[in-house]
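Here the structure comes first, spelled out in C-alpha coordinates, and everything after it is commentary.
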Amino acid sequence: MGQALYRKYRSKSLSEIVGQQHIVATLQNALKQGRISHAYLFTGPHGVGKTSIARILAHDINGLPYDDESAHLDIIEIDAASNRRIDEIRDLRDKVHIAPSIAKYKVYIIDEVHMLTKEAFNALLKTLEEPPAHVVFILATTEANKLPETIISRTQRFTFRPIEDSEVVAHLQQIAKQENIKIDEKALGVIAQAGNGSFRDSISLLDQLSSYSGSDAPISAQDVRANLGIAPDELIDKLLTSCLSGQTKATMEMLQTAYQQGYEAGHLAKQLGQAIRQQLANTDANKADLIRLLRELIEVPSSSDPSTALLVVLLGIGLSKPQQPAESPEPKIVASRVSEAPSVVSEPAKNPKAAKPSKPPVAPVVQPAGHSDKNLDQAWQEVLGSVKKSHNTLYGVLRMAQATMDDTADDVPGVVLSFQFAFHQKRLTEPKTKQMVSELLSQHMGKPIKLSCQLAPKTSGTTSSQSQPAKAANSANLSTISNIFGSAEVLES
(Lines give C-alpha, C1' and ligand atoms only; values in the text may rest on other atoms or scores of the structure.)
Protein backbone atom coordinates (compact mmCIF):
# COMPACT_ATOMS: atom_id res chain seq x y z
CA MET A 1 0.00 0.00 0.00
CA GLY A 2 1.43 3.37 -1.00
CA GLN A 3 1.78 6.20 1.47
CA ALA A 4 -0.51 9.19 1.06
CA LEU A 5 1.27 12.24 -0.30
CA TYR A 6 0.13 14.52 2.53
CA ARG A 7 1.84 12.17 5.02
CA LYS A 8 4.89 11.64 2.87
CA TYR A 9 5.52 15.38 2.54
CA ARG A 10 4.52 16.42 6.07
CA SER A 11 7.06 18.86 7.53
CA LYS A 12 9.66 17.32 9.86
CA SER A 13 11.07 20.56 11.33
CA LEU A 14 10.00 24.14 11.94
CA SER A 15 12.20 25.32 9.07
CA GLU A 16 10.14 23.20 6.62
CA ILE A 17 6.83 24.77 7.63
CA VAL A 18 5.27 26.77 4.78
CA GLY A 19 2.79 29.62 5.14
CA GLN A 20 3.01 30.20 8.91
CA GLN A 21 6.26 32.18 9.18
CA HIS A 22 4.89 34.45 11.93
CA ILE A 23 4.34 31.43 14.19
CA VAL A 24 7.56 29.63 13.23
CA ALA A 25 9.73 32.69 14.00
CA THR A 26 8.14 33.17 17.43
CA LEU A 27 8.55 29.53 18.45
CA GLN A 28 12.13 29.31 17.17
CA ASN A 29 13.13 32.39 19.17
CA ALA A 30 11.41 31.04 22.29
CA LEU A 31 13.28 27.72 21.97
CA LYS A 32 16.63 29.50 21.56
CA GLN A 33 15.97 31.57 24.69
CA GLY A 34 14.71 28.56 26.65
CA ARG A 35 11.37 30.27 27.31
CA ILE A 36 9.00 27.32 27.35
CA SER A 37 5.35 27.97 28.21
CA HIS A 38 3.34 25.45 30.18
CA ALA A 39 0.43 25.68 27.67
CA TYR A 40 0.04 26.60 23.99
CA LEU A 41 -3.16 27.04 21.99
CA PHE A 42 -3.09 26.59 18.20
CA THR A 43 -6.22 27.84 16.42
CA GLY A 44 -7.11 28.11 12.74
CA PRO A 45 -8.65 26.24 9.77
CA HIS A 46 -8.05 22.54 9.24
CA GLY A 47 -5.08 21.37 7.22
CA VAL A 48 -2.82 24.40 7.78
CA GLY A 49 -0.18 22.78 10.00
CA LYS A 50 -1.47 22.95 13.61
CA THR A 51 -0.89 19.27 14.43
CA SER A 52 2.40 19.13 12.52
CA ILE A 53 3.84 22.10 14.43
CA ALA A 54 2.51 20.69 17.71
CA ARG A 55 4.40 17.43 17.15
CA ILE A 56 7.57 19.20 16.01
CA LEU A 57 7.42 21.57 19.01
CA ALA A 58 6.90 18.66 21.41
CA HIS A 59 10.10 17.02 20.13
CA ASP A 60 12.11 20.27 19.98
CA ILE A 61 11.20 21.09 23.60
CA ASN A 62 12.76 17.78 24.63
CA GLY A 63 15.67 17.97 22.16
CA LEU A 64 14.46 14.83 20.37
CA PRO A 65 14.63 14.12 16.63
CA TYR A 66 11.17 14.10 15.03
CA ASP A 67 10.08 11.08 13.01
CA ASP A 68 6.48 10.93 11.90
CA GLU A 69 6.51 7.13 11.96
CA SER A 70 7.62 6.68 15.58
CA ALA A 71 5.99 7.52 18.91
CA HIS A 72 7.55 8.62 22.20
CA LEU A 73 6.42 7.63 25.68
CA ASP A 74 6.53 11.19 27.01
CA ILE A 75 4.66 12.75 24.07
CA ILE A 76 0.99 11.85 24.39
CA GLU A 77 -1.58 12.72 21.71
CA ILE A 78 -5.25 12.82 22.70
CA ASP A 79 -8.17 13.16 20.29
CA ALA A 80 -10.73 15.23 22.20
CA ALA A 81 -13.50 14.12 19.83
CA SER A 82 -13.10 10.53 21.12
CA ASN A 83 -12.04 11.35 24.68
CA ARG A 84 -14.28 14.25 25.53
CA ARG A 85 -15.82 13.08 28.80
CA ILE A 86 -14.80 14.18 32.26
CA ASP A 87 -13.54 10.68 33.13
CA GLU A 88 -10.75 10.87 30.52
CA ILE A 89 -9.67 14.32 31.67
CA ARG A 90 -9.68 13.21 35.32
CA ASP A 91 -7.44 10.30 34.33
CA LEU A 92 -5.14 12.77 32.55
CA ARG A 93 -5.12 15.03 35.63
CA ASP A 94 -4.00 12.12 37.80
CA LYS A 95 -1.20 11.10 35.43
CA VAL A 96 0.32 14.55 34.83
CA HIS A 97 1.98 14.38 38.25
CA ILE A 98 4.02 11.35 37.17
CA ALA A 99 7.45 12.46 36.03
CA PRO A 100 8.48 11.83 32.40
CA SER A 101 10.19 8.50 31.80
CA ILE A 102 13.06 9.66 29.57
CA ALA A 103 12.50 13.18 28.23
CA LYS A 104 12.76 16.46 30.10
CA TYR A 105 9.08 17.34 29.64
CA LYS A 106 5.91 15.30 29.39
CA VAL A 107 3.96 16.89 26.52
CA TYR A 108 0.21 16.44 26.04
CA ILE A 109 -1.16 17.29 22.56
CA ILE A 110 -4.96 17.60 22.72
CA ASP A 111 -6.43 17.85 19.21
CA GLU A 112 -9.90 19.32 18.56
CA VAL A 113 -10.00 20.47 22.17
CA HIS A 114 -13.28 22.34 21.57
CA MET A 115 -15.05 18.95 21.61
CA LEU A 116 -14.58 18.53 25.36
CA THR A 117 -17.67 18.69 27.55
CA LYS A 118 -18.23 21.53 30.00
CA GLU A 119 -17.32 19.27 32.93
CA ALA A 120 -14.16 18.11 31.16
CA PHE A 121 -13.15 21.75 30.55
CA ASN A 122 -13.57 22.47 34.25
CA ALA A 123 -11.35 19.51 35.13
CA LEU A 124 -8.71 20.58 32.58
CA LEU A 125 -8.79 24.16 33.86
CA LYS A 126 -7.70 23.04 37.33
CA THR A 127 -4.62 21.41 35.80
CA LEU A 128 -3.82 24.45 33.64
CA GLU A 129 -4.02 26.75 36.65
CA GLU A 130 -1.44 24.79 38.66
CA PRO A 131 0.51 22.60 36.22
CA PRO A 132 3.51 20.52 37.31
CA ALA A 133 6.83 21.96 36.16
CA HIS A 134 7.55 18.96 33.93
CA VAL A 135 4.28 19.14 31.91
CA VAL A 136 3.54 21.10 28.72
CA PHE A 137 0.08 21.23 27.10
CA ILE A 138 -0.43 21.93 23.38
CA LEU A 139 -4.10 22.44 22.53
CA ALA A 140 -5.28 22.54 18.91
CA THR A 141 -8.72 23.49 17.58
CA THR A 142 -10.51 24.66 14.46
CA GLU A 143 -13.25 26.38 16.51
CA ALA A 144 -11.66 28.60 19.13
CA ASN A 145 -15.00 30.36 19.69
CA LYS A 146 -16.23 27.23 21.52
CA LEU A 147 -13.44 27.35 24.11
CA PRO A 148 -14.11 28.96 27.50
CA GLU A 149 -12.27 32.22 28.07
CA THR A 150 -10.80 30.75 31.26
CA ILE A 151 -8.97 28.13 29.15
CA ILE A 152 -7.77 30.60 26.51
CA SER A 153 -6.45 33.05 29.11
CA ARG A 154 -4.11 30.42 30.56
CA THR A 155 -2.40 29.60 27.26
CA GLN A 156 -0.16 31.24 24.68
CA ARG A 157 -2.43 31.53 21.66
CA PHE A 158 -1.12 31.22 18.09
CA THR A 159 -3.56 31.91 15.26
CA PHE A 160 -2.87 30.01 12.04
CA ARG A 161 -4.02 31.55 8.79
CA PRO A 162 -5.26 29.92 5.57
CA ILE A 163 -2.44 29.35 3.08
CA GLU A 164 -2.27 31.74 0.13
CA ASP A 165 -3.04 30.12 -3.23
CA SER A 166 0.35 31.19 -4.60
CA GLU A 167 2.14 29.39 -1.75
CA VAL A 168 0.03 26.28 -2.26
CA VAL A 169 0.77 26.24 -6.01
CA ALA A 170 4.52 26.60 -5.41
CA HIS A 171 4.46 23.75 -2.88
CA LEU A 172 2.38 21.52 -5.15
CA GLN A 173 4.80 22.16 -8.03
CA GLN A 174 7.67 20.81 -5.93
CA ILE A 175 5.71 17.71 -4.96
CA ALA A 176 4.56 17.10 -8.55
CA LYS A 177 8.15 17.37 -9.77
CA GLN A 178 9.40 14.85 -7.22
CA GLU A 179 6.52 12.47 -7.93
CA ASN A 180 6.82 12.85 -11.74
CA ILE A 181 3.26 14.13 -12.03
CA LYS A 182 2.70 16.11 -15.25
CA ILE A 183 0.30 18.93 -14.51
CA ASP A 184 -0.24 22.51 -15.75
CA GLU A 185 0.25 25.49 -13.46
CA LYS A 186 -3.35 26.56 -14.14
CA ALA A 187 -4.50 23.12 -13.03
CA LEU A 188 -2.54 23.54 -9.80
CA GLY A 189 -4.29 26.88 -9.34
CA VAL A 190 -7.69 25.16 -9.58
CA ILE A 191 -6.54 22.59 -7.00
CA ALA A 192 -5.37 25.37 -4.66
CA GLN A 193 -8.76 27.11 -4.93
CA ALA A 194 -10.59 23.84 -4.26
CA GLY A 195 -8.34 23.23 -1.25
CA ASN A 196 -9.61 26.50 0.24
CA GLY A 197 -6.36 27.42 1.98
CA SER A 198 -5.64 23.92 3.33
CA PHE A 199 -2.30 22.29 2.50
CA ARG A 200 -3.56 18.86 3.46
CA ASP A 201 -6.68 19.07 1.30
CA SER A 202 -4.73 20.45 -1.68
CA ILE A 203 -2.07 17.73 -1.49
CA SER A 204 -4.78 15.06 -1.15
CA LEU A 205 -6.46 16.38 -4.31
CA LEU A 206 -3.12 16.27 -6.16
CA ASP A 207 -2.69 12.70 -4.94
CA GLN A 208 -6.14 11.83 -6.26
CA LEU A 209 -5.45 13.39 -9.67
CA SER A 210 -2.00 11.79 -10.03
CA SER A 211 -3.69 8.61 -11.25
CA TYR A 212 -5.25 10.62 -14.08
CA SER A 213 -1.79 11.40 -15.49
CA GLY A 214 -1.46 8.41 -17.77
CA SER A 215 -0.48 10.02 -21.07
CA ASP A 216 2.22 12.37 -22.27
CA ALA A 217 -0.16 15.33 -22.08
CA PRO A 218 -0.10 17.11 -18.70
CA ILE A 219 -3.19 17.35 -16.54
CA SER A 220 -5.10 20.49 -17.53
CA ALA A 221 -7.37 22.80 -15.57
CA GLN A 222 -10.34 21.33 -17.46
CA ASP A 223 -9.31 17.81 -16.33
CA VAL A 224 -9.17 19.00 -12.73
CA ARG A 225 -12.61 20.61 -12.93
CA ALA A 226 -14.12 17.50 -14.49
CA ASN A 227 -12.65 15.20 -11.82
CA LEU A 228 -13.56 17.42 -8.86
CA GLY A 229 -17.03 18.37 -10.10
CA ILE A 230 -16.22 22.10 -10.39
CA ALA A 231 -18.49 23.96 -12.79
CA PRO A 232 -16.86 26.12 -15.51
CA ASP A 233 -16.56 29.84 -14.80
CA GLU A 234 -18.69 30.55 -17.89
CA LEU A 235 -21.62 28.60 -16.44
CA ILE A 236 -21.35 30.37 -13.09
CA ASP A 237 -21.20 33.81 -14.76
CA LYS A 238 -24.22 33.07 -16.97
CA LEU A 239 -26.20 31.66 -14.03
CA LEU A 240 -25.47 34.72 -11.91
CA THR A 241 -26.30 37.12 -14.74
CA SER A 242 -29.63 35.46 -15.58
CA CYS A 243 -30.59 35.38 -11.90
CA LEU A 244 -29.83 39.05 -11.24
CA SER A 245 -31.53 40.17 -14.46
CA GLY A 246 -34.77 38.35 -13.65
CA GLN A 247 -34.54 35.73 -16.41
CA THR A 248 -36.23 32.96 -14.43
CA LYS A 249 -36.72 30.64 -17.40
CA ALA A 250 -33.02 30.75 -18.35
CA THR A 251 -32.01 30.32 -14.70
CA MET A 252 -34.10 27.15 -14.30
CA GLU A 253 -32.85 25.70 -17.59
CA MET A 254 -29.19 26.28 -16.66
CA LEU A 255 -29.68 24.75 -13.23
CA GLN A 256 -31.33 21.68 -14.73
CA THR A 257 -28.48 21.32 -17.24
CA ALA A 258 -25.89 21.70 -14.48
CA TYR A 259 -27.51 18.94 -12.41
CA GLN A 260 -27.64 16.64 -15.44
CA GLN A 261 -23.91 17.21 -15.95
CA GLY A 262 -23.22 16.07 -12.39
CA TYR A 263 -22.59 19.39 -10.65
CA GLU A 264 -23.88 19.47 -7.07
CA ALA A 265 -26.04 22.26 -5.70
CA GLY A 266 -23.77 22.83 -2.71
CA HIS A 267 -20.71 23.30 -4.93
CA LEU A 268 -22.65 25.57 -7.28
CA ALA A 269 -23.73 27.73 -4.33
CA LYS A 270 -20.12 28.07 -3.15
CA GLN A 271 -18.90 28.98 -6.64
CA LEU A 272 -21.68 31.53 -7.01
CA GLY A 273 -20.65 32.96 -3.65
CA GLN A 274 -17.04 33.31 -4.81
CA ALA A 275 -18.17 35.07 -8.00
CA ILE A 276 -20.34 37.46 -5.98
CA ARG A 277 -17.46 38.33 -3.63
CA GLN A 278 -15.34 39.21 -6.65
CA GLN A 279 -18.11 41.44 -8.01
CA LEU A 280 -18.54 43.15 -4.66
CA ALA A 281 -14.84 43.98 -4.65
CA ASN A 282 -14.64 45.09 -8.28
CA THR A 283 -17.84 47.05 -8.91
CA ASP A 284 -19.33 50.29 -7.64
CA ALA A 285 -22.85 49.48 -8.83
CA ASN A 286 -25.83 48.82 -6.59
CA LYS A 287 -24.73 45.94 -4.36
CA ALA A 288 -27.98 45.31 -2.46
CA ASP A 289 -29.05 42.33 -4.61
CA LEU A 290 -25.54 40.84 -4.51
CA ILE A 291 -25.35 41.04 -0.72
CA ARG A 292 -28.84 39.58 -0.33
CA LEU A 293 -28.03 36.72 -2.72
CA LEU A 294 -24.69 36.00 -1.02
CA ARG A 295 -26.37 35.86 2.41
CA GLU A 296 -28.91 33.29 1.21
CA LEU A 297 -26.39 31.19 -0.76
CA ILE A 298 -24.32 30.63 2.39
CA GLU A 299 -27.12 28.49 3.84
CA VAL A 300 -27.63 26.29 0.75
CA PRO A 301 -24.84 23.69 1.35
CA SER A 302 -26.07 22.96 4.89
CA SER A 303 -29.71 22.63 3.80
CA SER A 304 -31.42 19.24 3.98
CA ASP A 305 -32.32 19.64 0.29
CA PRO A 306 -29.59 21.79 -1.35
CA SER A 307 -31.05 21.48 -4.87
CA THR A 308 -34.43 22.87 -3.86
CA ALA A 309 -32.85 25.47 -1.61
CA LEU A 310 -30.62 26.77 -4.41
CA LEU A 311 -33.57 26.89 -6.83
CA VAL A 312 -35.71 28.81 -4.34
CA VAL A 313 -32.89 31.30 -3.65
CA LEU A 314 -32.21 32.03 -7.32
CA LEU A 315 -35.89 32.19 -8.29
CA GLY A 316 -36.59 34.45 -5.33
CA ILE A 317 -34.05 36.96 -6.59
CA GLY A 318 -35.31 36.62 -10.16
CA LEU A 319 -39.01 37.07 -9.33
CA SER A 320 -38.23 40.18 -7.31
CA LYS A 321 -36.79 41.89 -10.40
CA PRO A 322 -39.00 44.02 -12.72
CA GLN A 323 -40.16 41.90 -15.64
CA GLN A 324 -40.31 43.17 -19.24
CA PRO A 325 -43.07 41.36 -21.24
CA ALA A 326 -41.22 41.64 -24.57
CA GLU A 327 -38.02 40.09 -23.29
CA SER A 328 -39.18 38.00 -20.35
CA PRO A 329 -42.78 36.82 -20.92
CA GLU A 330 -42.53 34.08 -18.32
CA PRO A 331 -43.96 36.15 -15.41
CA LYS A 332 -47.36 35.95 -17.16
CA ILE A 333 -47.48 32.29 -16.14
CA VAL A 334 -48.07 33.38 -12.55
CA ALA A 335 -50.69 35.69 -11.16
CA SER A 336 -49.52 39.26 -10.64
CA ARG A 337 -49.72 40.82 -7.20
CA VAL A 338 -52.75 43.02 -6.65
CA SER A 339 -50.54 45.97 -5.66
CA GLU A 340 -48.47 45.60 -8.85
CA ALA A 341 -51.41 45.69 -11.24
CA PRO A 342 -54.07 48.00 -9.78
CA SER A 343 -55.66 48.65 -13.18
CA VAL A 344 -56.50 44.94 -13.55
CA VAL A 345 -58.19 44.42 -10.21
CA SER A 346 -59.85 47.79 -9.89
CA GLU A 347 -63.38 48.60 -10.95
CA PRO A 348 -63.65 49.34 -14.72
CA ALA A 349 -62.98 53.03 -15.33
CA LYS A 350 -65.62 55.10 -17.01
CA ASN A 351 -63.05 56.73 -19.25
CA PRO A 352 -61.06 53.93 -20.98
CA LYS A 353 -58.42 56.42 -22.20
CA ALA A 354 -57.55 57.64 -18.73
CA ALA A 355 -53.92 56.84 -17.81
CA LYS A 356 -54.68 56.44 -14.12
CA PRO A 357 -57.89 55.79 -12.15
CA SER A 358 -59.27 58.83 -10.43
CA LYS A 359 -59.80 56.87 -7.22
CA PRO A 360 -57.72 54.20 -5.48
CA PRO A 361 -58.59 50.72 -6.78
CA VAL A 362 -60.68 48.40 -4.67
CA ALA A 363 -59.63 44.73 -4.59
CA PRO A 364 -62.56 42.32 -5.09
CA VAL A 365 -61.61 40.00 -2.20
CA VAL A 366 -58.59 41.14 -0.19
CA GLN A 367 -56.31 44.11 0.06
CA PRO A 368 -52.52 44.06 -0.14
CA ALA A 369 -50.66 43.55 3.13
CA GLY A 370 -49.30 46.77 4.52
CA HIS A 371 -52.24 48.84 3.20
CA SER A 372 -55.11 47.33 5.15
CA ASP A 373 -53.27 46.50 8.36
CA LYS A 374 -49.81 47.79 9.21
CA ASN A 375 -49.70 45.45 12.18
CA LEU A 376 -50.00 42.42 9.86
CA ASP A 377 -47.20 43.69 7.61
CA GLN A 378 -44.85 44.06 10.56
CA ALA A 379 -45.87 40.75 12.12
CA TRP A 380 -45.38 38.89 8.81
CA GLN A 381 -41.80 40.17 8.50
CA GLU A 382 -41.13 38.99 12.06
CA VAL A 383 -42.58 35.56 11.20
CA LEU A 384 -40.27 35.31 8.17
CA GLY A 385 -37.30 36.19 10.37
CA SER A 386 -38.22 33.48 12.89
CA VAL A 387 -38.72 30.80 10.21
CA LYS A 388 -35.45 31.67 8.46
CA LYS A 389 -33.42 30.84 11.58
CA SER A 390 -34.47 27.17 11.68
CA HIS A 391 -36.34 26.31 8.44
CA ASN A 392 -34.45 27.87 5.56
CA THR A 393 -36.27 25.95 2.78
CA LEU A 394 -39.69 26.80 4.25
CA TYR A 395 -38.56 30.43 4.51
CA GLY A 396 -37.87 30.38 0.77
CA VAL A 397 -41.48 29.31 0.17
CA LEU A 398 -43.06 31.74 2.66
CA ARG A 399 -41.22 34.75 1.27
CA MET A 400 -43.06 34.14 -2.03
CA ALA A 401 -46.43 34.53 -0.25
CA GLN A 402 -48.56 37.65 0.14
CA ALA A 403 -50.17 37.93 3.57
CA THR A 404 -53.57 39.69 3.67
CA MET A 405 -56.32 40.11 6.22
CA ASP A 406 -59.44 38.01 5.68
CA ASP A 407 -62.35 40.44 6.15
CA THR A 408 -64.90 37.61 5.90
CA ALA A 409 -63.79 36.04 9.20
CA ASP A 410 -66.41 36.55 11.95
CA ASP A 411 -65.23 35.44 15.38
CA VAL A 412 -61.45 34.96 15.01
CA PRO A 413 -59.34 37.33 12.84
CA GLY A 414 -58.23 35.59 9.68
CA VAL A 415 -55.11 35.87 7.56
CA VAL A 416 -54.87 34.57 3.98
CA LEU A 417 -51.58 33.56 2.39
CA SER A 418 -51.76 33.90 -1.39
CA PHE A 419 -49.29 31.94 -3.51
CA GLN A 420 -48.40 32.22 -7.16
CA PHE A 421 -47.57 28.50 -7.48
CA ALA A 422 -49.73 25.52 -6.53
CA PHE A 423 -46.83 23.53 -5.08
CA HIS A 424 -46.11 26.41 -2.65
CA GLN A 425 -49.74 26.38 -1.52
CA LYS A 426 -49.61 22.60 -1.10
CA ARG A 427 -46.54 22.88 1.13
CA LEU A 428 -48.31 25.33 3.46
CA THR A 429 -51.46 23.24 3.70
CA GLU A 430 -49.52 20.44 5.41
CA PRO A 431 -50.97 20.26 8.95
CA LYS A 432 -47.70 20.62 10.88
CA THR A 433 -46.43 23.44 8.68
CA LYS A 434 -49.73 25.32 8.74
CA GLN A 435 -50.00 24.98 12.52
CA MET A 436 -46.46 26.28 13.06
CA VAL A 437 -46.98 29.34 10.83
CA SER A 438 -50.38 30.01 12.43
CA GLU A 439 -48.87 29.92 15.93
CA LEU A 440 -46.07 32.26 14.90
CA LEU A 441 -48.56 34.72 13.40
CA SER A 442 -50.69 34.63 16.55
CA GLN A 443 -47.61 35.18 18.69
CA HIS A 444 -46.33 38.20 16.74
CA MET A 445 -49.77 39.80 16.28
CA GLY A 446 -50.68 39.31 19.93
CA LYS A 447 -54.03 37.64 19.26
CA PRO A 448 -55.40 34.33 17.92
CA ILE A 449 -55.22 34.09 14.14
CA LYS A 450 -57.04 31.73 11.78
CA LEU A 451 -54.74 30.95 8.83
CA SER A 452 -55.82 29.89 5.35
CA CYS A 453 -53.95 29.44 2.06
CA GLN A 454 -55.02 30.05 -1.53
CA LEU A 455 -53.65 30.60 -5.00
CA ALA A 456 -53.32 34.25 -6.01
CA PRO A 457 -56.67 35.70 -7.22
CA LYS A 458 -57.22 35.33 -10.93
CA THR A 459 -57.35 38.51 -12.96
CA SER A 460 -59.21 39.34 -16.14
CA GLY A 461 -59.03 41.69 -19.05
CA THR A 462 -55.59 40.84 -20.35
CA THR A 463 -56.12 37.55 -22.17
CA SER A 464 -57.20 39.09 -25.43
CA SER A 465 -54.24 41.46 -25.52
CA GLN A 466 -51.65 38.68 -25.18
CA SER A 467 -49.87 38.01 -28.45
CA GLN A 468 -49.37 34.56 -29.93
CA PRO A 469 -45.54 34.69 -29.38
CA ALA A 470 -46.12 35.52 -25.71
CA LYS A 471 -48.52 32.57 -25.37
CA ALA A 472 -45.97 30.28 -26.99
CA ALA A 473 -43.29 31.55 -24.59
CA ASN A 474 -45.61 30.91 -21.65
CA SER A 475 -46.11 27.30 -22.82
CA ALA A 476 -42.34 26.83 -22.96
CA ASN A 477 -42.00 28.31 -19.49
CA LEU A 478 -44.71 25.99 -18.16
CA SER A 479 -42.87 22.99 -19.63
CA THR A 480 -39.64 24.06 -17.93
CA ILE A 481 -41.35 24.49 -14.55
CA SER A 482 -43.00 21.07 -14.91
CA ASN A 483 -39.64 19.46 -15.62
CA ILE A 484 -38.14 21.03 -12.50
CA PHE A 485 -40.98 20.51 -10.00
CA GLY A 486 -42.94 17.61 -11.53
CA SER A 487 -46.09 19.71 -12.11
CA ALA A 488 -47.21 23.27 -12.77
CA GLU A 489 -50.42 25.22 -13.00
CA VAL A 490 -51.19 28.19 -15.24
CA LEU A 491 -53.02 31.01 -13.48
CA GLU A 492 -55.07 32.76 -16.08
CA SER A 493 -54.05 36.37 -16.62
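Start at 1 with the first residue, then count along the sequence. Just so it is clear, the structure is predicted and the values come from calculations on it, not from any experiment.
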- Message: Using the rule given for side-chain contact (heavy atoms from CB on, under 4.5 Å), can you reason through Leu206 versus Tyr9, listing the C-alpha separation, both sets of side-chain angles and the distance that settles it, and then say yes or no?
- Response: CA-CA 12 Å; Leu206 177 63; Tyr9 290 95; over 6 Å; no
About how many Å separate [atom2] of [Y] and [atom1] of [X], when rounded to the nearest 0.5 Å?
X      : Y      : atom1 : atom2 : answer
Leu272 : Arg277 : CG    : CZ    : 10.5 Å
Leu268 : Ile236 : CG    : CD1   : 5.0 Å
Gln256 : Met254 : CD    : CE    : 12.5 Å
Cys453 : Glu430 : SG    : CD    : 10.5 Å
Met405 : Asp377 : CE    : CG    : 12.0 Å
Leu314 : Leu240 : CG    : CG    : 8.5 Å

Side chain [X], main chain [Y], donor-acceptor under 3.5 Å:
X      : Y      : answer
Ser210 : Ile181 : no
Lys50  : Pro45  : yes
Ser438 : Ile449 : yes

Residue pair [X] / [Y], side-chain donor-acceptor N/O under 3.5 Å:
X      : Y      : answer
Glu299 : Tyr395 : no
Ser166 : Glu164 : no
Gln278 : Gln274 : no

Could you walk me through whether Ile175 and His171 satisfy the side-chain contact (heavy atoms from CB on, under 4.5 Å) test, starting with their C-alpha distance in whole Å, then the side-chain angles of each, then the deciding distance to 0.1 Å, before giving a yes or no?
CA-CA 7 Å; Ile175 296 176; His171 194 59; 3.9 Å; yes
| field | Heavy-atom neighbours of Glu179 CD exceed 12 at 6.0 Å | value |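 Buried by this count: over 12 neighbours within 6.0 Å.
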Within the supplied structure, the quantity of interest is the number of heavy atoms (other residues, nucleotides, ligands) at a distance under 6.0 Å from Gln222 CD; does it exceed 12?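 No.
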Just distance, no hydrogens or angles: give the donor-acceptor pairs under 3.5 Å from side chains in residues 110-117, sequence neighbours left out.
| residue | atom | partner | partner atom | Å |
| --- | --- | --- | --- | --- |
| Glu112 | OE1 | His114 | ND1 | 3.3 |
| Glu112 | OE1 | Thr142 | OG1 | 3.4 |
| His114 | ND1 | Thr141 | OG1 | 2.7 |
| Thr117 | OG1 | Arg84 | O | 3.3 |
| Thr117 | OG1 | Ala120 | N | 3.2 |

Please examine the side chains of [Y] and [X], heavy atoms only from C-beta on, and report whether any two atoms are closer than 4.5 Å.
X      : Y      : result
Phe160 : Ile53  : yes
Gln402 : Val416 : no
Leu417 : Lys434 : no
Glu253 : Ser242 : no

All salt bridge (Lys or Arg N to Asp or Glu O under 4.0 Å) counterparts of Arg161, not counting sequence neighbours
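For Arg161, the residues satisfying salt bridge (Lys or Arg N to Asp or Glu O under 4.0 Å) (neighbours in sequence not counted) are Glu167.
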side-chain contact (heavy atoms from CB on, under 4.5 Å) evaluation trace for Val415 with Thr404:
CA-CA 6 Å; Val415 171; Thr404 57; over 6 Å; no
Practice item. Answer yes when Asp207 and Arg7 have at least one side-chain N-carboxylate O distance shorter than 4.0 Å, and no when they do not. Key: no
Ion pair present between Lys238 and Glu234, side-chain N to carboxylate O less than 4.0 angstrom?
-> no
Just list the side-chain donor-acceptor pairs under 3.5 Å for residues 187-202, sequence neighbours left out, or say none.
| residue | atom | partner | partner atom | Å |
| --- | --- | --- | --- | --- |
| Ser198 | OG | His46 | O | 3.3 |
| Ser198 | OG | Gly47 | O | 3.4 |
| Ser198 | OG | Asp201 | N | 3.1 |
| Asp201 | OD2 | His46 | NE2 | 2.8 |
| Ser202 | OG | Ser198 | O | 2.9 |

